[in-house]
Each structure stands twice: as structure tokens, then as C-alpha cells.
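Below is one structure; the comments refer to it alone.
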Amino acid sequence: MNQMNTTPLQERDCSWARALHIFGDKWSILIIREAFAGVSKFSDFQRNIGLAKNILATRLDMLCEHEVMMRVPQREGSSRSAYVLTPKGQALFPIIVAIGQWGDKWIFGSKGEPVRIVDKETGSPVQPIAVFSHSGRHLNSSDVTMTAGPGASERTTNHLARLAKASNR
């Protein structure tokens with residue numbers, strides 16, 4: 001069996017795998033979505049998502065452990081915690097928007113989006129998330145390739161070389 005298939009996500013030489021280890025399950029993504037909407041109390045996360053307390057506690061612990069969220073007192077002197085996004089968690093905003101926009105287009109389609117993300121200042125819907133080149137040119141998947149970066153292991157470098165060779169056939 002390919003060793004890559006048996007290596008735990010958090011140990012793989014792959015940014016996607018390691019990120020998915022942290023927030024790749026359905027509950028964590030929904031917790032992060034709620035946090036962006038301003039939810040911070042355990043009971044509110046539980047009510048809004050409809051998640052069992054033990055699973056919610058486990059996911060919040062994982063998000064805090066990986067510094068995506070942090071525990072803060074609900075109010076000064078309170079023993080109850082609130083959960084807020086850290087800068088690392090705030091950086092997930094484009095990803096959360098992109099997942100929602102993908103669902104709006106490919107799942108809800110002509111029925112229209114169930115939730116609209118709008119600019120508070122103008123009330124206008126946000127633009128679709130897109131990828132641009134350094135010069136500002138809009139890019140699609142056929143416009144890019146993956147190459148080994150400075151943190152790549154020999155295994156990753158070899159894997160990417162095999163992919164490049166296969167795509168040039």
C-alpha cells in the first residue's frame with residue numbers, strides 16, 4: 001500500500017492535508033462560519049449548529065489547540081468562556097466565503113442563495129472569490145501548475161515531478 005495513504009494528515013508534507021486535519025470536518029467549518037457571524041458562546045454554537053455537547057467541545061478544543069480560535073472570558077470576572085477567532089482563524093474568511101459561494105452556485109443554483117454575504121457599508125453582495133496572478137490576471141486551474149516550494153521534502157519534490165511529467169504527455 002502507498003505510504004502516503006497511511007500517513008496521518010497532520011504528518012503529511014502537504015499544506016492541504018495539514019489544514020484539513022485542523023478544520024476539515026463538517027462541524028469545524030460550521031463552527032468557524034458561526035464565529036464569523038458573531039457567535040462566541042458554547043450554548044449558541046450548540047443551538048445554531050445542532051451539535052452534541054461532547055462533539056462541540058472536542059472541535060472547539062481542537063480549534064483552540066491549533067490557534068484558530070481562543071478562549072476568552074465571556075465578561076470580566078466570569079468563569080465561563082467565549083470562543084473567538086484568532087488572526088489565524090480570521091484568515092479563513094475567504095475560504096468560508098468561497099465554500100458558501102460554491103454551494104450557492106452548484107447546489108442551490110437557480111433557486112438562489114439561502115444566505116447572502118453583503119458589504120455592511122453598501123449592502124451589496126460581495127464579489128465571487130477568485131484567484132489572480134501577481135500581475136492581476138484572473139486564473140483558472142488550467143492556468144497554474146504546482147511546483148516544489150522551499151519547505152518541500154524529497155518525497156513531495158518527486159511526487160510533483162511525477163505529476164508534471166504525467167501532465168506533459
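- Two different hydrophobic clusters hold L85 and V72 under the rule that ILVMFWY side chains link at heavy-atom gaps under 4.5 Å.
- Enclosure of atom CD in E65 by more than 12 non-hydrogen atoms of other residues, nucleotides or ligands within 6.0 angstrom is indicated.
- F132 and H138 have perpendicular rings, their planes meeting at more than 60° on a 0 to 90° scale where under 30° would count as parallel.
- The two residues D104 and P114 have their closest heavy-atom pair at OD1-CD, 3.6 Å.
- Put simply, W16 and L92 are part of two different groups of oily side chains (I, L, V, M, F, W, Y) that touch within less than 4.5 Å, one to the next.
- Within the 4.5 Å cutoff, the side chain of R155 has no heavy atoms near those of the H159 side chain.
- At a threshold of 4.5 Å between non-hydrogen side-chain atoms, the residues D143 and R137 count as touching.
- When all heavy atoms are compared, the tightest approach of A152 to T157 is CB-OG1, 3.7 Å.
- Put simply, V84 and L30 are part of two different groups of oily side chains (I, L, V, M, F, W, Y) that touch within less than 4.5 Å, one to the next.
- Separation of atoms CE (M69) and CD1 (I32) is listed at 7.5 Å; rounding is to 0.5 Å.
- Looking at I96, I117, V126 one by one, the single match for side chain to side chain contact (heavy atoms under 4.5 Å, CB included) with Q101 turns out to be V126.
- By the criterion of side-chain heavy atoms lying less than 4.5 angstrom apart, applied directly or through intervening Ile, Leu, Val, Met, Phe, Trp or Tyr residues, V144 is not grouped with M146; the two fall into different hydrophobic clusters.
- To the nearest 0.5 Å, atoms CG (L60) and CD (Q46) are separated by 10.5 Å.
- Distance check, rounded to the nearest 0.5 Å: CZ of F36 to CD of Q90 gives 5.0 Å.
- With rounding to the nearest 0.5 Å, the separation of CD in E34 from OG in S40 is 11.0 Å.
- Separation of atoms CG (L63) and OG1 (T58) is listed at 11.0 Å; rounding is to 0.5 Å.
- Applying the 6.0 Å contact sphere to CD of E67 captures no more than 12 heavy atoms from other residues, nucleotides or ligands.
- One N or O on the side chain of D25 and one on the backbone of W27 form a donor-acceptor pair closer than 3.5 Å.
- The shortest distance between side-chain heavy atoms of R59 and I55 falls below 4.5 Å.
- Considering all non-hydrogen atoms of both residues, C64 and R71 come closest at CB-NH1, 3.6 Å.
- Side-chain heavy atoms closer than 4.5 Å link hydrophobic residues (I, L, V, M, F, W, Y) into clusters, and following such links, possibly through other members, connects I29 to F93.
- For K88 (side chain) and H66 (main-chain N/O), a donor-acceptor pair under 3.5 Å exists by modelled atom type.
- Atom-to-atom distance recorded for R80:CZ and R75:CZ is 8.0 Å, nearest 0.5 angstrom.
- Between Y83 and V39 the shortest side-chain heavy-atom distance does not fall below 4.5 Å.
- Although no hydrogens or angles enter the test, the distance criterion places no donor-acceptor pair under 3.5 Å between the side chain of S28 and the main chain of G24.
- Between the side chain of T86 and the backbone N or O of M70 there is no donor-acceptor pair closer than 3.5 Å.
- In this structure, the side chains of F45 and L51 stay at 4.5 Å or more apart for every pair of heavy atoms.
- Side-chain atoms of S153 and N158, non-hydrogen and from C-beta on, never get closer than 4.5 Å to each other.
- You'll find the side chain of L56 reaches within 4.5 Å of the side chain of I31, heavy atoms only.
- At distances below 3.5 Å, not a single donor-acceptor pair connects side-chain atoms of R12 with backbone N or O atoms of R18.
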